[in-house]
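Report on one structure; see the data block that follows.
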Amino acid sequence: VSQSRYAYDYGAPGEIRTPGPRVRSAMLSSTELRGHWCDVGESNPSRRLERPASYPIDERRELVGALPKIRTWNSPEEMDEEMVKRWNETVRPNDKVYHLGDVVINRKALNIMHRLNGDKVLIRGNHDIFKLEDYTPHFRDIRGCHVMNGMILSHIPIHEESLGRFGVNIHGHLHANRVMRNGVIDPRYHCVCVEQTDFKPILFEDVIKRIKEEGGEIGFRDRNGPTM
């Protein structure tokens with residue numbers, strides 16, 4: 001990426017933090033290390049992403065990512081190993097990654113997390129049901145949502161009445177599906193599950209390109225965001 005920019009970091013509701021480190025790029029993705037199968041049908045699903053990341057201007061990038069829920073491999077172990085391979089081929093050790101939830105289904109699979117590159121932040125999903133201390137060894141921070149560049153990151157798509165000033169909700173949870181409105185994709189929502197991102201994290205800049213192509217609004221609506 002030729003031009004640096006700030007990634008705004010909002011923590012808990014009402015908490016406005018200083019701008020995050022200047023980032024050269026970003027990725028979004030969402031994954032689930034399984035230990036067992038969870039099919040979503042026989043059709044070939046569209047790809048998606050649920051895991052985000054960010055890095056310093058000189059050595060970091062931002063990504064979002066998540067693991068898939070489809071039977072493409074011969075065994076759960078084979079699937080997990082391929083997910084680890086694709087993750088590490090994409091994410092560098094110093095990259096910052098926002099994971100949009102549902103890290104694992106089987107608690108034992110958490111042991112794989114230490115093999116994944118990146119400075120990881122978890123946006124908890126509905127399957128992230130284990131104790132907080134089970135996740136903290138693998139993630140720098142654990143949040144319910146994250147606001148970046150006027151867009152809100154979450155696991156489950158937020159209700160349209162909660163979109164407020166946010167231009168787009170980048171989310172996971174839906175796997176091969178998208179939020180629809182009047183029979184077409186709702187540009188206010190962008191699913192980043194791995195089924196839609198070749199089963200690996202995706203640069204945040206690439207997510208922005210996809211959002212623009214779908215007619216989404218980047219940043220805060222009507223410039224209704226913080227001044228810094």
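FYI, side chains are in, hydrogens and waters are out, and symmetry mates aren't considered; it's all heavy atoms of this structure.
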When rounded to the nearest 0.5 angstrom, what distance separates NE2 in His155 from NE2 in His127?
6.5 Å
Is Lys85 salt-bridged to Glu81, going by a charged N under 4.0 Å from an acidic O?
no
Salt bridge check: are Glu214 and Arg178 linked by an N-O gap of less than 4.0 Å?
yes
Rounded distance [0.5 Å steps], CG in Asp206 versus CD1 in Ile211:
11.0 Å
Out of His146, His99, His138, which residue meets the side-chain contact (heavy atoms from CB on, under 4.5 Å) rule with Leu122?
His99
Using 4.0 Å as the upper bound for N to carboxylate O, is an ion pair formed by Glu160 and Arg188?
yes
Flag side-chain contact, heavy atom, 4.5 Å: Arg124 against Tyr135:
yes
Given the rule in the side chain to side chain contact (heavy atoms under 4.5 Å, CB included) test, do Asn126 and His173 qualify, once you have shown the distances and angles that lead to the verdict?
CA-CA 8 Å; Asn126 55 294; His173 190 64; 3.1 Å; yes
Contacts of Glu82 meeting salt bridge (Lys or Arg N to Asp or Glu O under 4.0 Å) (sequence neighbours excluded), chain-then-number -> Arg86
Under 3.5 Å: donor-acceptor pair, side chain of Asp128, backbone of Gly101
no
Taking the side chain as every heavy atom from C-beta outward, state whether Leu116 and Val91 have any pair of such atoms under 4.5 Å apart.
no
What I'd like to find out is whether the side chain of Ile152 reaches to under 4.5 Å of the side chain of Ile170, using heavy atoms alone.
no
Is Ile129 linked to Phe139 within one hydrophobic cluster, defined over Ile, Leu, Val, Met, Phe, Trp and Tyr using a side-chain heavy-atom separation of less than 4.5 Å?
yes
For residues Met148 and Leu153, determine if any side-chain heavy atom of one lies less than 4.5 Å from a side-chain heavy atom of the other.
yes
Please determine whether residues Val103 and Ile156 belong to a single hydrophobic cluster, defined as Ile, Leu, Val, Met, Phe, Trp and Tyr linked transitively by side-chain heavy-atom distances below 4.5 Å.
no
Classify the angle between the aromatic ring planes of Phe220 and Phe166 as parallel (below 30°), tilted (30 to 60°) or perpendicular (above 60°).
tilted
Measure the CD1-CD distance between Ile112 and Glu77 for me, rounded to the nearest 0.5 Å.
9.0 Å
Quick one: does Asn88's side chain have a donor or acceptor within less than 3.5 Å of a partner on Asn117's backbone?
yes
